[in-house]
J.: 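One structure follows; several queries about it will come next.
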Amino acid sequence: METFNYFYQSLFSTMLPYDKCGEVEPKKAEEPKPIPMSQYEAEIEAIEHYLGATLSDIDISFTLQELNGIVPRKRVRSDAYKGLIDYVRLNRNTNITIRTRKTK
């Protein structure tokens, strides 16, 4: 059995340095990146212009087609607006709900 272990140990030591065999470095948790303000400010201004009110401490519900008319995206899906919705929720304390015609 010792020769068997020695064989594999010598085989793997040629591929990797001996001190690295079997060791796994722990992954460091990535810090969340702040959302850039300039990316969504123009879109927020367009929504405020459409509503005629400022986006602060309110709940808004849009259809997907209505929101796409205000803030167009290349991909017309509700998940395309996730970044905008999260940004508005965190910074303006406003909940935006998107209604779609699809049933789940």
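These numbers come from a predicted model, not from an experiment. Only heavy atoms go into these numbers, but all of them, side chains included; no hydrogens, no water, no symmetry mates.
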J.: Under the salt bridge (charged side-chain N to carboxylate O under 4.0 Å, His left out) criterion, do E66 and R101 qualify, and how do the steps go?
T.: CA-CA 12 Å; E66 186 179 22; R101 286 189 258 167; over 6 Å; no
J.: List in chain and number order the residues that pass side-chain contact (heavy atoms from CB on, under 4.5 Å) with N93, two or more places apart in sequence or in another chain; answer none if no residue qualifies.
T.: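 side-chain contact (heavy atoms from CB on, under 4.5 Å) list for N93, sorted by chain: D57.
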J.: Can you name the closest pair of heavy atoms from L64 and V76 and give their distance?
T.: CD2-O, 3.9 Å
J.: Looking at side-chain heavy atoms only, is the closest gap between I85 and I98 below 4.5 Å?
T.: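 Sidechains of I98 and I85: in contact.
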J.: Can you list, pair by pair, the side-chain donor-acceptor contacts under 3.5 Å of residues 67-74, counting residues two or more places apart and other chains?
T.:
unit_1 : atom_1 : unit_2 : atom_2 : d
N68    : OD1    : R73    : N      : 3.2
N68    : OD1    : Y81    : OH     : 3.1
R73    : NE     : A80    : O      : 3.1
R73    : NH1    : E43    : OE2    : 2.7
R73    : NH2    : E43    : OE1    : 3.3

J.: Before you tell me yes or no, could you show the steps for N91 and I44 under side chain to side chain contact (heavy atoms under 4.5 Å, CB included), namely the whole-Å CA-CA distance, both residues' side-chain angles and the distance that decides it to 0.1 Å?
T.: CA-CA 11 Å; N91 296 322; I44 291 171; over 6 Å; no
J.: Kindly compute the distance separating CD (E41) from CD (E48), expressed to the nearest 0.5 Å.
T.: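 Separation between the atoms: 8.0 Å.
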J.: How close do I58 and T54 get, heavy atom to heavy atom, and via which atoms?
T.: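 The answer is CD1-O, 3.8 Å.
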J.: Return the CD to CG distance between E45 and L55, rounded to the nearest 0.5 Å.
T.: 10.5 Å
J.: Taking the side chain as everything from C-beta on, heavy atoms only, tell me whether Y40 gets closer than 4.5 Å to V88.
T.: no
